[in-house]
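Have a look at the structure below before the remarks.
Each chain gets a letter, A, B and so on, in the order the sequences are listed, and its residues count up from 1. Only heavy atoms go into these numbers, but all of them, side chains included; no hydrogens, no water, no symmetry mates.
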Amino acid sequence: MSEDNDISINLNKINDNTWEVPRGYKPGMRVPGRLFLSPPLLNILEQGTLDQVANVAALPGIQKYSMAMPDAHLGYGFPIGGVAAFDREEGVISPGGVGFDINCGVRLIRSNLKESDVRPGITDLLERLFHAVPSGVGSKSRLRVNDDQLDDVFIHGSRWAVENGYGVPNDVERCESQGMMEGALVKQVSTRARQRGRPQLGTLGSGNHFLEIQYVDEIYDTKAADAFGLHEGQITFMIHCGSRGAGHQICTDHLRTLTQAAEKYKIDLPDKQLACAPTDSSEAQNYFGAMVCAANYAWTNRQVIMHWAREVFQDFFRQDMDELGMDLVYDVAHNVAKLETHKIDGKKREVYVHRKGATRAFPPEHSDVPAAYKKVGQPVLIPGSMGTASYVLHGTHDAMDISFGSACHGAGRVMSRAHAKHEFRGEQIQKDLSKMGISVRATQPALIAEEAPGVYKSSSDVVDVVHNLGIARKVARLMPIGVVKG
DNA sequence: ATGTAC
């Protein structure tokens, strides 16, 4: 038996972790595809995901390659774990390249606490966090914003939260894009999206979203870890969530207009789910402006959640913020499109980089890396699945050459939710995790089954691919102690 | 991911 599966027969091996999907793979491909996968991960890649990479390569103005990260799996139109850059003048913007949960992302907070400070009271601490941060589908916040405040959130992002008492100015500095993208078009957010967004600011949501108490169990790069304020044995806190119903509704609304626009502008789509329009069209720009509103909402959401989590820790440990040292390390988006400048064939060009289930991984000295991290590069935060390690990496110059400054975003699902519910029982998974020293507090056991460690690829395998490729380099590994699931 | 089907 060859180690190659059927999939690899049609691919060209570039190196141990890079496979090219040739232009001849499917009619209409304007550029090749690139899959960043180790041979074992290639073996479990779904045919449908490969086809989606090829479909994206057929969209107008795509630059260099249609890419898939090692955690790639089937998504709406574009694969989750997909990266595609479209020329500002000749390209397109597509909601499918961003996803329904606009600016789903991850935030990491450091602390001065040790593992031994947290273990004894972990159940009580999780219970308090569970009640401080509303979670689950359709959950409502204890923070209520009016329409004017919602506009402020859409336009100013997490700065709004800090100015209204939910955090400190340093939080904004330690955030991708300072927690605020320019170009919000509040008029492009529908009444329904507003109605869904108003009561949900400061809520976790459901699915793979979580709050997690972790400890640093391995440091790979001492210099970078020092810059990020991380050391072995230290407690960290991670928040994974997005733009809730607001982002979902914005995506739904604009998918409709961009489906019509694709016909109007006579764009030949290999898949209707790739609805898009030329970058300078009103349809594309209106979507982009609404997407910015959702992205800014998501950063504000994570900021408010972090504030409430800090309050819980202060109360629980009877320490003030200075003693606790719960500084924001960084916050990354992993579902967003951005207008960025990249060097292509030796020339600087402006491109709309769509990252869907992919993390930005900017290098040392880049202008959008916080001053404190300038020498090491942007922190890249990769959450593990429930009960498995999360990783902190840093961005690199190689990422700018290879992947438009992008890396993977997580572990990547390998089993459907329905299948997982059939395969696992939540109570049993919870017991198994408990034996491993991981406590879980969730809204219902079924959700624990859907998120069981066995339904995801190994986060360490995925991270090793990006590390070995050099598009992000490992800094630290974080192991979970307690998890709150929506 | 999602008022898990307008």
Side-chain angles (χ1 to χ4, degrees), chain A residues 49 52 71-82 94-107 133-141 144 150 189-211 239-257 259 273 287 290-291 293-295 297-299 301-302 305 332-337 354-359 383 385-386 409-422 426 442-451 455-456 484-486:
Chain A
T49 310
Q52 289 190 326
D71 48 342
H73 55 110
L74 207 66
Y76 181 92
F78 290 59
I80 296 162
S94 176
V98 172
F100 279 86
D101 192 2
I102 296 164
N103 191 3
C104 185
V106 182
R107 167 171 293 225
V133 182
S135 62
V137 178
S139 59
K140 299 205 167 156
S141 180
R144 287 306 155 94
L150 189 64
V189 179
S190 68
T191 305
R192 188 180 286 188
R194 288 175 164 280
Q195 280 170 345
R196 291 179 71 176
R198 264 201 316 268
Q200 291 189 322
L201 196 61
T203 64
L204 187 62
S206 185
N208 64 357
H209 291 165
F210 63 74
L211 306 176
I239 300 168
H240 179 199
C241 65
S243 52
R244 309 286 287 108
H248 191 277
Q249 190 64 47
I250 285 168
C251 180
T252 303
D253 292 339
H254 287 266
L255 269 173
R256 192 177 308 126
T257 60
T259 301
Q273 293 184 353
Y287 163 67
M291 181 215 73
C293 293
Y297 179 100
W299 273 310
N301 190 30
R302 292 195 285 275
I305 289 172
V332 291
H334 57 225
N335 278 3
V336 82
H354 292 54
R355 297 187 183 91
K356 180 189 192 178
T359 308
S385 55
M386 187 174 62
H409 87 303
R413 189 169 269 281
V414 291
M415 191 189 292
S416 71
R417 291 183 180 280
H419 190 176
K421 264 195 280 198
H422 184 74
T443 45
Q444 39 180 310
L447 291 168
I448 300 180
E450 289 179 25
E451 295 294 318
V455 311
Y456 286 95
V484 173
K485 299 289 291 182

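- Each of A:Glu451 and A:Val137 was assigned the nucleotide of DNA chain B with the nearest heavy atom; the assignment lying further toward the 5' end belongs to A:Glu451.
- Nearest approach of A:Ala294 to A:Ile102, heavy atoms of both residues: CB-CG2, 3.6 Å.
- A salt bridge between A:Arg413 and A:Glu451 is present, with a side-chain N of the basic residue lying under 4.0 Å from a carboxylate O of the acidic one.
- In this entry the distance linking NZ of A:Lys140 with P of B:dT2 reads 15 Å, nearest Å.
- For the pair A:Lys421 and A:Ala449, the tightest heavy-atom approach, listed with the atom from each and the gap, is CA-CB, 4.5 Å.
- If you take NZ of A:Lys421 and C1' of B:dT4, they are 9 Å apart, rounded to a whole angstrom.
- Atom NE2 of A:His254 and atom P of B:dT2 are 19 Å apart (whole Å).
- What separates NE2 of A:His209 from C1' of B:dT4 is a distance of 14 Å, to the nearest Å.
- Nucleotide B:dC6 holds its P atom 10 Å from the CD atom of A:Gln249, rounded to whole Å.
- Residue A:Arg192 is in base contact, counting any heavy-atom pair closer than 4.0 Å across all strands shown.
- Of all heavy-atom pairs spanning A:Ala333 and A:Asn103, the tightest one is CB-OD1, 3.1 Å.
- Atoms CG (A:Leu255) and C1' (B:dC6) sit 16 Å apart, rounded to a whole Å.
- To the nearest angstrom, P of B:dT2 lies 8 Å from CD of A:Gln200.
- Residue contacts for A:Gln195: at a heavy-atom cut-off of 4.0 Å it reaches no nucleic acid atom on any strand shown.
- Note on A:Gly207: only backbone sugar-phosphate atoms sit closer than 4.0 angstrom, heavy atoms only; bases stay farther off.
- The two residues A:Thr203 and A:Ile305 make their nearest non-hydrogen contact at O-CD1, 3.5 Å.
- Within the nucleic acid shown, A:Thr252 has no heavy atom closer than 4.0 Å to any nucleic acid atom.
- Residue A:Asp101 contributes atom CG, which lies 15 Å from atom P of B:dT4 at whole-angstrom precision.
- Between A:Arg417 and B:dT4, a side-chain N or O to OP1/OP2 separation shorter than 4.0 Å is absent.
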